[in-house]
Trainee: 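Can you read through this structure? Questions will come right after.
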2 protein chains.
Amino acid sequence: MTADTRQMPKPVSKGPVARPGPRRVTISDVADALGLAKGTVSRALNGYPDIAEATRLRVTRAAERMGYRPLAQAQAIRTGRARALGLVLNAGRSDAHKPFLTDFLDGISRAASEESWTLTVATAMDEADEVATLGRLVDERKVDGFILPRTKLHDPRIDLLRERAVPFILYGRTADPTGCAWFDIAGEEAMAAAIDRLHAAGHWRIGFINGGTEYTYARLRRDGFLAAMARHGLPTPPELIVEDVLTIPQGEAAGLRLLDLPEPPTAILCALDLAALGLYRAAARAGRRVGHDLAVISYDGIPEAATAEPPLTTYAVDTRAAGENLARMLLARIRGADPETLRVLVPAVLIARGSDRAPDAIPDPAGPARQLA
Amino acid sequence: MTADTRQMPKPVSKGPVARPGPRRVTISDVADALGLAKGTVSRALNGYPDIAEATRLRVTRAAERMGYRPLAQAQAIRTGRARALGLVLNAGRSDAHKPFLTDFLDGISRAASEESWTLTVATAMDEADEVATLGRLVDERKVDGFILPRTKLHDPRIDLLRERAVPFILYGRTADPTGCAWFDIAGEEAMAAAIDRLHAAGHWRIGFINGGTEYTYARLRRDGFLAAMARHGLPTPPELIVEDVLTIPQGEAAGLRLLDLPEPPTAILCALDLAALGLYRAAARAGRRVGHDLAVISYDGIPEAATAEPPLTTYAVDTRAAGENLARMLLARIRGADPETLRVLVPAVLIARGSDRAPDAIPDPAGPARQLA
DNA sequence: GTTTCGCCCGAAACCGGTTTCGGCAAGGGG
DNA sequence: CCCCTTGCCGAAACCGGTTTCGGGCGAAAC
């Protein structure tokens, strides 16, 4: 039967296909079972007002009983809605957010699945790749909106999505927030509060180890640090500030630089816990003892901070909650909410542990050591 | 105009919708521009053999020029293929794989996007939730197959997917691998090699700190440990084995238990780097010095192992490569490959650093300390 | 010079939903 | 009693692709 070669022309280079056995129950099945038109069933299920309450009840019950689940992409094709949130991770640099990732994903995916949405994640090598990946997901309409973590002051991702009119929400702030929804933790306030705390303990020579300056958060945290120092009339010479410190080894190097100063600081504020963990090592090498003659306060609240020696005093961010908030806000944005109304700033919470004590280094005998309540 | 209330009945409780402005270019646009039928364009693009080579070229070029990107879910509805891989993370317990997550996701998503597939991730609280989430994703046809990390000896996820005839691949092995594709690292061989190494250095009293015994990997690593010990004729009394150690604090507790023994081990093998890091603390508290009078070998290759003091000798797994392999194998499985042929076992690679030296504890003067080449 | 293939492509059905449009029947007002 | 609403639902178009079916046409075979 040579006719077979004409029938069913199969694509080349594609193997046999594993077909799922039992056919799923479609909306037509439900309609037939009820003697209704499938359009009616669809409208009943989607809450259109032109369906009688009794009918709606009949339909929802039958759908439930028959185990009907609408096919996501069949709806998507007409509604233009994939019911998926997008997240593009930069796997290139910045190990900084690795520890949070599980919590972050969990927060997002939990909030998303509450509404039967899902989370699509992709990774990119560098910034250009990141933008390209966003474009691809948009082109294929795989996702309805994006969460953009680690925002920069000038962020090409924002430019792309703004131009394409795709909904998005920032985790962090940016230079020009026009038309942007965002959620962020008030790192600047945490830095300022940390300085208040150190100043109240009598410190006046305080170092600062900051994160990646290309990111907005680093700018904000430095501002918070500088503002609080100025408010207390404390000097902030450039040699006391190290920036672009993202990892433990970098933190160690930065710490050594500060501690080897002719007049080393008695307290050091770190914008990242990882930097602080590196600083611990630097202190050990420099013969200083954190919690005794060197006070350290940090920011992030990674689990390792609790089991460090001494336990690290840090301003913790609830990454899971952040993920949940971001997902919920993005959903609102996708559903048409005005981005300008979707802006939330949440404080970091202080977890006071032992590292910010430094009784052996009460620095300035001239300055009065104020008592704490 | 009361007629408006009859026109366009909008669903209740759904706000205004942000519509994308410029309409995308569809397959019909391409067909019209070329004067072809859209079916022809589709077949040309998908490599059907009944399209002339010249036509195929014309079509692909035009599609490229016009910026045509097929709409993922429009294809999915007919082909039954969402072009998405699924991954359900258990956010409940087991902090163990947190450090790898970024690399893992990166590996998967990289291999997936090579073929224009995407990765959908969801999280679950516990095992039941995990199975429910898998079911939901399958019901909505959001994904075409799953990667199942952290497999157990008896794994309900496998039962579900097997029953539903959904393609999947295990990261790890399981008791009954019938019809399962899997990829795994040969942890048992690594454990055995570690024992060989310690034995060659003269150790004969060796402790073992294992991971979570509900997982297959722990069973395998214990088997590897026991087999190698037996092969060398070394005793393995129960008090030298601690199991279900997943975190740094648990590792510290386990270490203390071993080091406080009347006759403590001179070397300890850990199934997880995190356990070893905890053991470091236990050693410090017990007055033992890792790399001097206590040898430690571990497994995983987390970054912290390199910067620990002393640097940790460990058998490293390339998590990114694992993700890539898993994704590629799952794609093959989805495309119909026989699961029994999709089974890959890869060795862990030894990263020899300082922690497995213990010159001050050469244990048995009676036994000949063999020389290493 | 027919007949027979076989290569290519057009036309149309189909996938599983959503949305529009129109009409029937009941109810209300004049 | 008739007409005009109004509520409610059926029928069909539509979304953007994929796949089937069949036919036109040129070349090889007879």
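Because the structure is a prediction, the values reported are computed rather than measured. Chain letters run A, B, ... following the sequence lines, proteins first, then strands; residues in each count from 1.
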Trainee: Ignoring the backbone of Ala37(A), work out which of dC8(C), dT18(D), dA11(D) is nearest its side chain.
Mentor: dA11(D)
Trainee: Taking five pairs at each end, how big is the angle between the two axes of the helix from dG1(C)-dC30(D) to dG30(C)-dC1(D), to 10°?
Mentor: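 Computed from the C1' atoms at both ends, the axes differ by 50°.
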Trainee: Side chains of residues 57-75 of chain A: which donor-acceptor partners sit under 3.5 Å, not counting sequence neighbours?
Mentor:
| unit_1 | atom_1 | unit_2 | atom_2 | d |
| --- | --- | --- | --- | --- |
| Thr60(A) | OG1 | Arg56(A) | O | 3.0 |
| Thr60(A) | OG1 | Leu57(A) | O | 3.0 |
| Gln73(A) | NE2 | Arg141(B) | O | 3.2 |

Trainee: Would you kindly give the CD1-to-C1' distance between Ile51(B) and dG10(C), to the nearest whole Å?
Mentor: 10 Å
Trainee: When you match Leu36(B) and Ile77(B) each to their closest nucleotide on DNA chain C, which lands nearer the 5' end?
Mentor: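 Counting from the 5' end, the first nearest nucleotide belongs to Leu36(B).
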Trainee: How close or far is atom C1' of dT20(C) from atom CG of Asn46(A), stated in whole angstroms?
Mentor: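 For the pair Asn46(A) CG and dT20(C) C1', the rounded distance is 15 Å.
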Trainee: Using a cut-off of strictly less than 4.0 Å, decide whether Thr40(A) has a side-chain nitrogen or oxygen near OP1 or OP2 of dC9(D).
Mentor: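 The answer is no; no side-chain N or O of Thr40(A) sits under 4.0 Å from OP1 or OP2.
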Trainee: Nearest to the side chain of Ser42(B) - dT18(D), dT18(C), dC8(D)?
Mentor: dT18(D)
Trainee: Starting at atom CG of Leu71(B), determine the distance to atom P of dT18(D), rounded to an integer number of angstrom.
Mentor: 10 Å
Trainee: Closer than 4.0 Å, any side-chain N/O of Tyr68(B) to the OP1 or OP2 of dG17(D)?
Mentor: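 Affirmative; the distance criterion is met.
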Trainee: Verify the distance criterion only: is there a donor paired with an acceptor across the side chains of Thr123(B) and Asp106(A) at less than 3.5 Å?
Mentor: yes
Trainee: Atom CD of Gln75(A) and atom C1' of dT18(C): how far apart are they, to the nearest Å?
Mentor: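 That distance rounds to 9 Å.
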Trainee: Closest to the Arg43(A) side chain: dG17(C), dT19(C), dT18(D)?
Mentor: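 From the listed options, dT19(C) comes nearest.
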Trainee: Is a side-chain donor or acceptor of Arg343(A) paired with a backbone partner of Cys180(A) at a separation under 3.5 angstrom?
Mentor: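 At least one qualifying donor-acceptor pair exists.
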Trainee: Starting at the 5' end of DNA chain D, which residue's closest nucleotide do you reach first, Gly39(B) or Ala74(B)?
Mentor: Ala74(B)
Trainee: Using only atom types and a distance under 3.5 Å, with no angle test, would you say the side chain of Lys142(B) pairs donor to acceptor with the backbone of Arg83(A)?
Mentor: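 Yes: the side chain of Lys142(B) pairs with the backbone of Arg83(A).
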Trainee: So, Ser28(A) and Lys38(A): side-chain donor and acceptor under 3.5 Å apart, yes or no?
Mentor: no
Trainee: Which listed nucleotide (dC15(C), dC8(D), dT19(C)) is nearest to the side chain of Arg78(B)?
Mentor: dC15(C)
Trainee: Between dG17(D), dG16(C), dG17(C), which one does the side chain of Thr26(B) approach most closely?
Mentor: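 Among the listed nucleotides, the one closest to the side chain of Thr26(B) is dG17(D).
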Trainee: Nearest whole angstrom, please: distance from the C1' of dA25(C) to the CG of Asp50(A).
Mentor: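 Rounded to whole Å, this separation is 16 Å.
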Trainee: How close or far is atom P of dG17(C) from atom CZ of Arg141(B), stated in whole angstroms?
Mentor: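 Going from Arg141(B) (CZ) to dG17(C) (P), I get 10 Å.
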Trainee: Round to a whole Å and report the spacing from CD of Glu53(A) to C1' of dG7(D).
Mentor: 13 Å
Trainee: Measure from the side-chain N and O atoms of Arg164(B) to the backbone N and O of Leu160(B), and report whether any donor-acceptor pair falls under 3.5 Å.
Mentor: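 Not confirmed, Arg164(B) side chain does not pair with Leu160(B) backbone.
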Trainee: Would you mind checking if Glu115(B) and Arg328(B) are paired as a salt bridge, meaning a charged N to carboxylate O distance below 4.0 Å?
Mentor: no
Trainee: Return whichever of Lys38(B) or Arg56(B) has its heavy-atom-nearest nucleotide of DNA chain C closer to the 5' end.
Mentor: Arg56(B)
Trainee: For Leu57(B) and dC8(C), what is the distance between atoms CG and C1' respectively, to the nearest whole Å?
Mentor: 16 Å
Trainee: So Phe104(A) and Tyr171(A), would you call those rings parallel, tilted or perpendicular, with 30° and 60° as cut-offs?
Mentor: parallel
